[in-house]
Asker: 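Encoded as structure tokens, here's the structure I'll be asking about.
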Amino acid sequence: MKAHIDQLFEKSDLSDKALLALLDGMSDDDVHYLFESARRKKQLHYGDSVYMRGLIEFTNYCKQRCAYCGIRADNGQVERYRLNKAQILQCCEEGHALGYRTFVLQGGEDPFYTDDRLVDIIRSIKSSFSDCAVTLSVGERSRESYMRLKEAGANRYLLRHETASPSLYASLHPGMSQENRIQCLYTLKSLGYQVGAGFMVGLPNQTHADLVADLRFLKQLSPEMVGIGPFIPQKDTPLGQVPHGSVRMTLIMVALTRLLLPQVLLPSTTALGTLDSKGREKALRAGANVVMPNLSPTDVREQYALYDNKICTGDEAAHCRQCIERRIVSAGFRVDMGRGDHPDYQTSS
Ligand code: SAM
Ligand code: FES
């Protein structure tokens, strides 16, 4: 196994067969070696830096019905909310004062946020905080829409592919098309966004071969960012009784992604911190180099319940800022409050 890991370290690629062999057969010692290799690779490109992004969950309305997601349209148990422009700017104001230079606007697929409304919000953020990057994560939209949002000043876009398996994708996303989601990712790339794809680990019936397909998809797309988190059940969804994904396997996927895409910006996700109190530190030591503390107003955080027992729902932004910094330092790294663009996009405005 170590020979495979060494080859991956040197060539930034490995055959599907060898990747599958790693997933099927690594001992604890091999996994330790993999994490160490991923950490070294991260170090080569980013040193000790861990980038901070301020996450603003601005709407929990969603027209989609993803089987795993707590804010799916069919969930009648969620109290829905939307933040208006003034509230979003207030979150940015607070985040900027705490040192954040990237704001991630995330929400369900909410038709209330038309292109005009989003353009207005993005322009206002960019004119008030001209030293900041804006990342959007609002799902599938048309090419024209993505173009207008880019012209308004959006720099980056997160759109996880969720799973590269066609059958798994179809079973989890009624009324959606995997082809369209993948097309959206390529469209975003062609428009000059820094793009984030990603997937969940531990979806029901997901095999190791499916996870290899996720890695292969990432290698082909070559996104600037990748979000990987364990699946965690939310009680009011069709998958509410399904067991959560494994922390160990999620960390393995984080490490393999670092080795396949050495310069990628790779968050240590809140979902990992939810399943394991040291999960975020472990991901940083397995090759992750980004954290996304929450800047949403505390009175709406509980309502952005994608999965059960989500952490940080009651914590003020300043508290999260300090908490995360402590965790980063304890894992052996240092906070970098810069914009943290991908190395290929250093001059983005
Ligand atoms: N609507 C946007 C989209 O589709 O990309 C962004 C918001 S969506 C709620 C953000 C991410 O949450 C999804 O891409 C999915 O991977 C993750 N997520 C949703 N439900 C989850 C669950 N039960 N466990 C773990 N992650 C989940
Ligand atoms: Fe929010 Fe730790 S990051 S409390």
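Start at 1 and go down the list; that is how both ligands and their atoms are numbered.
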Asker: What class does the angle between the rings of F129 and H96 fall in, given that below 30° is parallel, 30 to 60° is tilted and above 60° is perpendicular?
Answerer: tilted

Asker: Going by the angle between their ring planes, with limits at 30° and 60°, are Y113 and F58 parallel, tilted or perpendicular?
Answerer: perpendicular

Asker: When you look for heavy atoms under 4.0 Å from ligand 1, do you find them on the side chain of R181, its backbone, both, or neither?
Answerer: side chain

Asker: Record the part of Q64 in heavy-atom contact with ligand 1 below 4.0 Å; permitted values are side chain, backbone, both and neither.
Answerer: neither

Asker: Relative to ligand 1, is E162 under 4.0 angstrom through side chain, backbone, both or neither, heavy atoms considered?
Answerer: side chain

Asker: Establish, from distance only, whether the side-chain atoms of T237 and R72 form a donor-acceptor pair under 3.5 Å.
Answerer: no

Asker: Does atom CG of N205 have more than 12 heavy-atom neighbours from other groups under 6.0 Å away?
Answerer: no

Asker: Are F333 and L266 joined in one hydrophobic group, where the rule is that I, L, V, M, F, W and Y side chains link up if heavy atoms are under 4.5 Å apart?
Answerer: yes

Asker: Return the closest protein heavy atom for atom 23 (N) of ligand 1 as residue, atom name and distance.
Answerer: I232 O, 2.7 Å

Asker: Just to be sure I read this right, does ligand 1 sit under 4.0 Å from the backbone of Y157, its side chain, both, or neither, counting only heavy atoms?
Answerer: neither

Asker: Would you verify that at least one protein heavy atom lies under 4.0 Å from atom 8 (S) of ligand 1, or report that none does?
Answerer: no

Asker: Applying a strict 4.0 Å limit to heavy atoms, is C66 in contact with ligand 1?
Answerer: no

Asker: State whether the number of non-hydrogen atoms from other residues, nucleotides or ligands found under 6.0 Å of H45 atom NE2 is greater than 12.
Answerer: yes

Asker: How close do K126 and A152 get, counting heavy atoms only, and between which atoms?
Answerer: CG-O, 4.2 Å

Asker: Using a 4.0 Å heavy-atom cut-off, which part of S137 comes near ligand 1: side chain, backbone, both, or neither?
Answerer: both

Asker: Measure P233 to ligand 1 on non-hydrogen atoms and call it side chain, backbone, both or neither using the 4.0 Å cut-off.
Answerer: neither

Asker: Is G198 in contact with ligand 1, taking contact as a heavy-atom separation below 4.0 Å?
Answerer: no

Asker: Any idea which of R72, M200, M176 brings a heavy atom closest to atom 26 (N) of ligand 1?
Answerer: M200

Asker: Look at the aromatic rings of F199 and H161 and report parallel, tilted or perpendicular, splitting at 30° and 60°.
Answerer: tilted

Asker: With a heavy-atom distance limit of 4.0 Å, tell me whether E140 approaches ligand 1 through its side chain, its backbone, both, or neither.
Answerer: neither

